[in-house]
Amino acid sequence: MKIFDTLQRRKIDFKPIEEGKVTMYVCGPTVYNLIHIGNARPMIVFDTFRRYLEYKGYDVKYVSNFTDVDDKIIKAANEEGVDSSVISERYIAECQKDMQALNVEPATVHPQATKEIDGMINMIQTLIDKGHAYAAEDGTVYFSVASDPGYGKLSHKDMDEMMSGLRDLKVSGEEQKRNPNDFVLWKPKKEGEPSWPSPWCDGRPGWHIECSVMSQKYLGDTIDIHAGGEDLIFPHHENEIAQSECATGKPFCNYWMHNGFLKINNEKMSKSLGNFFTVRDITAQYDPMVLRLFILSAQYRTPLNFSKELMDQIKASYERILNCTDKLSALIKAKEGAGEAQMSEAELKSKETVEGYIRDFESAMEDDNNTANAETAVFEIVRVANATADENSNLAYVEYLLNTIKKLCDGVLGVISERKKEVLDAEIEELIAKRQAARKAKDFAAADAIRDQLLSMGIVLEDTREGVKWKRA
């Protein structure tokens, strides 16, 4: 298996620290609002990579944090007149709903920054003791970039050039810094903000320190894989490396994976351009599996362009998968109780073809998580299934086809291949029962009114000889 390592800027062979086990940290969202589709990309692509590692037999310990103390969270809390924890807990719950809808498996651990403050204070003190950090007069603690000779190795930025670019830029508090590139580890409290006691002042941590601390606590001093969006390379991940390696004296991470940006109709997603979409916006129009299939339709490091036209194409592709599994499931049901028989020569040959596509799928995933090519292999298997499985097929052959699609599509790509069973909620069931009672009592005006009410709710009724049938509009 090869992974493109951002630090080395090339694909390298993957070899975990401990044979058969993988430690993986993926930066999670700042929880001040509903997650947008840009947030969904790293969640989905690295969830898929984790699934593939598990498919190959690795025991994966996967950590993804929630940043639950941040300027945006505090601003939202002050606007509502509530504690910042009310905002963060609300949107952690909403994020988990979206992750479940997108079939993103829960992490082994989902740590929250506010519950790891003691660990952050301890690491900051260690950095001060080792000469890598210093406290200013107002209690702000800065990391000393000059104390780390390796600073800039992930982003490949030249520190001298950065210094010259920053020399004339002065912001409030910068006069306390020894170097314009130094970054905040701890900041003093302000009115209306949450704070915690520390040896330097009552305040709160800087953003970067939280991931260093949580990664070390749950995965160890050196981890296999650290992942996130490419916008995190600098300064967040660069600063994580500096903090962690200066604190422990050990390499922080062996493989750095970063996904490319997601654009909307070839433009950067932004509220000012009116092209900012939450996951909820999109899943109100499309099945969440269509969004997941779309996210995986490009190799994760490449830019991904979102448009309605592309989503409609993906929707049609997903329908091909569902139609295929519908057909295979129906064939299996029809053959229940049939005696066992050997596959025919043609079926054995088709099975060999499918096994070739399984190898193509695995080769794609082993080539730096190339989900685009892996999807192609799945659709080839769907094509073979559609062309070769019918009422005359051997039961074992049909089951093999269905199990293969489920193993690769559901198990690795995380795209559920079984059509959802439509279930009416209690309110709609009650309305249908009331309509039936009204018809029985020959109160057709009431029955028609209920039909119209159901139609407004997106439920279409059909009165047939076999009884009432329904479908969603």
Quiz item: Do you see a donor-acceptor pair shorter than 3.5 Å between the side chains of Tyr357 and Arg383?
Solution: yes

Self-check item: Non-neighbouring partners of Pro16 that pass side-chain contact (heavy atoms from CB on, under 4.5 Å), sequence neighbours left out
Solution: Phe14, Val22, Tyr58, Asp224

Quiz item: How far apart are the closest heavy atoms of Val378 and Leu408, and which atoms are they?
Solution: CG2-CB, 4.1 Å

Self-check item: Heavy-atom pair of closest approach, residues Asp368 and Met257
Solution: OD1-CE, 4.3 Å

Self-check item: Step-by-step salt bridge (charged side-chain N to carboxylate O under 4.0 Å, His left out) determination, Lys263 to Glu267
Solution: CA-CA 5 Å; Lys263 294 185 176 182; Glu267 292 186 309; over 6 Å; no

Self-check item: cation_pi(Lys157, Phe234) dist<6.0 Å, angle<=45
Solution: yes

Quiz prompt | Name of the residue among Thr283, Asn103, Asp47 meeting side-chain hydrogen bond (donor to acceptor under 3.5 Å, both in side chains) with Arg292 | solution = Asp47

Quiz item: Just by distance, with hydrogens left out, do Glu366 and Tyr52 show a side-chain donor and acceptor under 3.5 Å apart?
Solution: yes

Quiz item: Going through the checks in order, is the salt bridge (charged side-chain N to carboxylate O under 4.0 Å, His left out) test met by Asp5 and Lys11?
Solution: CA-CA 6 Å; Asp5 176 38; Lys11 288 181 187 178; over 6 Å; no

Quiz prompt | Inter-residue atom distance Ser155.OG - Leu232.CG, 0.5 Å rounding | solution = 12.5 Å

Quiz item: How far does CD1 of Ile73 sit from CD1 of Ile87, to the nearest 0.5 angstrom?
Solution: 9.0 Å

Exercise. Dump the intermediate steps for salt bridge (charged side-chain N to carboxylate O under 4.0 Å, His left out) on Asp98 and Arg280, then the final yes or no.
Key: CA-CA 7 Å; Asp98 286 334; Arg280 299 282 172 89; 2.5 Å; yes

Exercise. Evaluate the ring planes of His132 and Phe143, with Trp represented by its six-membered ring, and classify them as parallel (under 30°), tilted (30 to 60°) or perpendicular (over 60°).
Key: parallel

Quiz item: Does any donor atom in the side chain of Gln112 or Asn65 lie under 3.5 Å from an acceptor atom in the other side chain?
Solution: no

Quiz item: About how many Å separate NZ of Lys115 and CZ of Phe66, when rounded to the nearest 0.5 Å?
Solution: 10.5 Å

Quiz prompt | CD-NE2 distance between Glu240 and His236, expressed to the nearest 0.5 angstrom | solution = 4.0 Å

Quiz item: Just checking, is any N or O donor in the side chain of Arg419 or Ser329 under 3.5 Å from an acceptor N or O on the other one?
Solution: no

Self-check item: Least distance between heavy atoms, His36 atom then Met269 atom
Solution: ND1-CE, 3.2 Å

Quiz item: How are the rings of Phe306 and Phe277 set relative to one another: parallel (under 30°), tilted (30 to 60°) or perpendicular (over 60°)?
Solution: tilted

Practice problem: Pick out which of His226, Met214, Lys61 makes a side-chain contact (heavy atoms from CB on, under 4.5 Å) with Leu219. | Solution: Lys61

Practice problem: Report the distance from atom CD1 of Ile12 to atom CG of Leu7, rounding to the nearest 0.5 Å. | Solution: 8.5 Å

Practice problem: Sort out for me which residue in Asp326, Leu328, Ile321 forms a side-chain contact (heavy atoms from CB on, under 4.5 Å) with Cys324. | Solution: Leu328

Quiz item: Has the side chain of Asn305 got a donor or acceptor atom that lies under 3.5 Å from a matching backbone atom of Asn266?
Solution: yes

Exercise. Check the angle between the aromatic planes of Phe183 and His208 and answer parallel, tilted or perpendicular using the 30° and 60° thresholds.
Key: perpendicular

Quiz item: How close do Phe261 and Glu230 get, heavy atom to heavy atom, and via which atoms?
Solution: N-OE2, 3.2 Å

Self-check item: Polar side chain donor-acceptor pair, Tyr91 to Asp68, under 3.5 angstrom
Solution: no

Quiz item: With respect to Ser198, which candidate in Ile124, Ile121, Asp118 satisfies the side-chain contact (heavy atoms from CB on, under 4.5 Å) definition?
Solution: Ile121

Quiz item: Do Tyr218 and Glu116 have a side chain donor and acceptor closer than 3.5 Å?
Solution: yes

Quiz item: Is the side chain of Thr108 donor-acceptor paired with the backbone N or O of Tyr62 at a distance under 3.5 Å, no angle test?
Solution: yes

Practice problem: Determine, stepwise, if the pair Lys351 / Glu355 fulfils salt bridge (charged side-chain N to carboxylate O under 4.0 Å, His left out). | Solution: CA-CA 6 Å; Lys351 186 171 180 282; Glu355 286 172 351; 2.9 Å; yes

Quiz prompt | Nearest non-hydrogen partners of Ser212 and Ser244, listed with the distance | solution = OG-OG, 2.9 Å

Quiz prompt | Smallest separation among heavy atoms of Arg51 and Asp410, with atom names | solution = NH1-O, 3.2 Å

Self-check item: Side-chain H-bond candidate by donor/acceptor type, Tyr142 with Gln176, under 3.5 Å
Solution: yes

Quiz prompt | Side-chain donor-acceptor pair present, Gln243, Glu238, cut-off under 3.5 Å | solution = no

Quiz item: Is the count of non-hydrogen atoms from other residues, nucleotides or ligands lying under 6.0 Å from Gln100 atom CD greater than 12?
Solution: no

Quiz item: So, is the end of the Arg301 side chain (NZ or CZ) under 6.0 Å from the ring centre of Phe4 and within 45° of the ring's axis?
Solution: yes

Exercise. Would you please say whether a donor-acceptor pair under 3.5 Å links the side chains of Gln125 and Asp129?
Key: yes

Self-check item: Heavy-atom donor-acceptor pair, Glu80 side chain to Ala76 backbone, under 3.5 Å
Solution: no

